[in-house]
Amino acid sequence: MKVLVVLAVLLLAAVLVDGRVFERCQWARTMKNYGMDGYWGISLANWMCLTYSESSYNTTAVNHNRDKSTDYGIFQINSRWWCNDTRIRTANGCHIMCEQLLSDDVGVAISCAKRVVRDPQGIAAWVGWRTHCKNQDVSKYLDGCGLDSSFL
Ligand SMILES: *[C@@H]1O[C@H](CO)[C@@H](O)[C@H](O)[C@H]1NC(C)=O
Ligand SMILES: *[C@@H]1O[C@H](CO)[C@@H](O)[C@H](O)[C@H]1NC(C)=O
């Protein structure tokens with residue numbers, strides 16, 4: 001029994017290191033390292049709330065929309081405007097294949113999210129942010145992470 005528990009914990013650790021679904025504070029640290037705290041005036045806690053509401057920090061999340069477009073990855077980036085999945089016509093603003101947004105290596109996804117937020121709509125482009133984070137106290141997303149956000 002104890003051996004099974006140890007194995008289960010090791011397996012879970014392997015999945016977390018693999019980065020398919022990030023543990024909350026690990027994802028917060030990762031975004032901070034990529035310069036997301038305060039990027040375009042958006043606090044790290046808001047980026048955390050946004051990605052939690054969009055994907056629960058799941059890098060492989062894929063959701064199909066009624067308009068035939070698809071949202072990809074931890075930021076749920078849309079295939080009509082930002083990436084190319086060859087299924088529909090796209091503006092491909094991030095100049096990438098949508099599949100790249102599902103990688104464990106989140107560099108491409110973060111660069112593309114930075115591009116999205118620089119558009120006039122800003123962070124309001126994300127429905128998940130408008131619905132669950134806007135005008136909310138989002139500080140809980142950094143609780144216990146030992147990260148002092150420079151921005152509120
Ligand atoms: C992450 O997303 C993928 C694709 O939608 C799904 O198959 C997987 O179960 C999700 N993982 C978790 C832990 O929810
Ligand atoms: C999307 O990718 C396909 C396949 O590589 C390519 O033929 C097409 O031109 C691309 N479209 C855009 C808008 O990048």
Side-chain angles (χ1 to χ4, degrees), residues 1 3-34 36-37 39-40 42 44-134 136 138-147:
M1 188 61 186
V3 173
L4 281 181
V5 170
V6 169
L7 278 178
V9 167
L10 285 176
L11 218 89
L12 186 68
V15 168
L16 292 178
V17 168
D18 188 43
R20 278 165 49 88
V21 179
F22 276 87
E23 183 274 322
R24 181 173 59 87
C25 291
Q26 184 195 21
W27 175 232
R29 278 191 295 275
T30 301
M31 283 206 288
K32 189 166 178 138
N33 289 341
Y34 275 97
M36 288 296 261
D37 189 15
Y39 188 83
W40 220 245
I42 311 298
L44 188 59
N46 267 287
W47 286 114
M48 287 296 293
C49 179
L50 182 160
T51 46
Y52 182 74
S53 53
E54 291 287 351
S55 69
S56 304
Y57 316 136
N58 187 347
T59 59
T60 61
V62 174
N63 286 289
H64 299 287
N65 303 309
R66 263 175 300 179
D67 71 353
K68 302 266 202 300
S69 70
T70 304
D71 296 332
Y72 290 90
I74 200 160
F75 292 95
Q76 288 291 282
I77 288 171
N78 186 265
S79 65
R80 187 169 302 283
W81 301 105
W82 303 109
C83 64
N84 181 2
D85 67 2
T86 72
R87 290 154 53 107
I88 56 164
R89 279 183 65 139
T90 177
N92 195 7
C94 290
H95 308 292
I96 52 172
M97 297 307 289
C98 297
E99 216 173 81
Q100 295 176 262
L101 295 168
L102 307 179
S103 172
D104 294 351
D105 180 347
V106 291
V108 170
I110 289 177
S111 296
C112 187
K114 286 178 171 177
R115 173 64 192 84
V116 173
V117 81
R118 292 198 301 268
D119 241 31
Q121 263 199 101
I123 196 170
W126 280 279
V127 176
W129 180 83
R130 292 202 306 269
T131 313
H132 299 287
C133 313
K134 187 181 180 181
Q136 303 288 318
V138 291
S139 60
K140 66 175 179 190
Y141 290 93
L142 295 177
D143 273 359
C145 296
L147 286 170

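In this chain, residues are counted from 1 in sequence order. Note that ligands are numbered from 1 as they come in the structure, with each ligand's atoms numbered from 1 the same way.
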| Top protein contact for atom 13 (C) of ligand 1, by heavy-atom distance | V21 CG2, 3.7 Å
| request: Tell me which protein heavy atom sits closest to atom 2 (O) of ligand 1, plus the residue, atom name and distance to 0.1 Å. | output: N58 ND2, 2.3 Å
| remark: Which of Q26, E23, M48 passes side-chain contact (heavy atoms from CB on, under 4.5 Å) with Y57? Answer is M48
| Going by the order shown, which atoms of ligand 2 are within less than 4.0 Å of some heavy atom of N92? | 14 (O)
| task | Find all atoms of ligand 2 within a distance of less than 4.0 Å from any non-hydrogen atom belonging to T90, and give their numbers and elements. | result | 13 (C)
| Can an N or O of N84 be found at a distance shorter than 3.5 Å from an N or O of ligand 2? | yes
| query | For atom 7 (O) of ligand 2, is some protein heavy-atom partner under 4.0 Å away? | reply | no
| request: Give the contacting part of T60 toward ligand 1: side chain, backbone, both or neither, where contact means a heavy-atom distance below 4.0 Å. | output: both
| task | Would you tell me whether C98 and C83 have their SG atoms within less than 2.5 Å of each other? | result | yes
| said: Out of the candidates I123, N46, T51, only one should pair with C133 under the side-chain contact (heavy atoms from CB on, under 4.5 Å) rule; please name it. | reply: N46
| query | Can a donor-acceptor pair be found between the side chains of N92 and T90 at a distance below 3.5 Å? | reply | no
| note | Atoms of ligand 2 under 4.0 Å from any heavy atom of T86, numbered from 1 in the order shown, are 2 (O), 3 (C), 4 (C)
| task | With rounding to the nearest 0.5 Å, note down the distance linking CD1 in I42 to CH2 in W129. | result | 6.5 Å
| query | What distance do T59 atom OG1 and D104 atom CG have between them, rounded to the nearest 0.5 Å? | reply | 5.0 Å
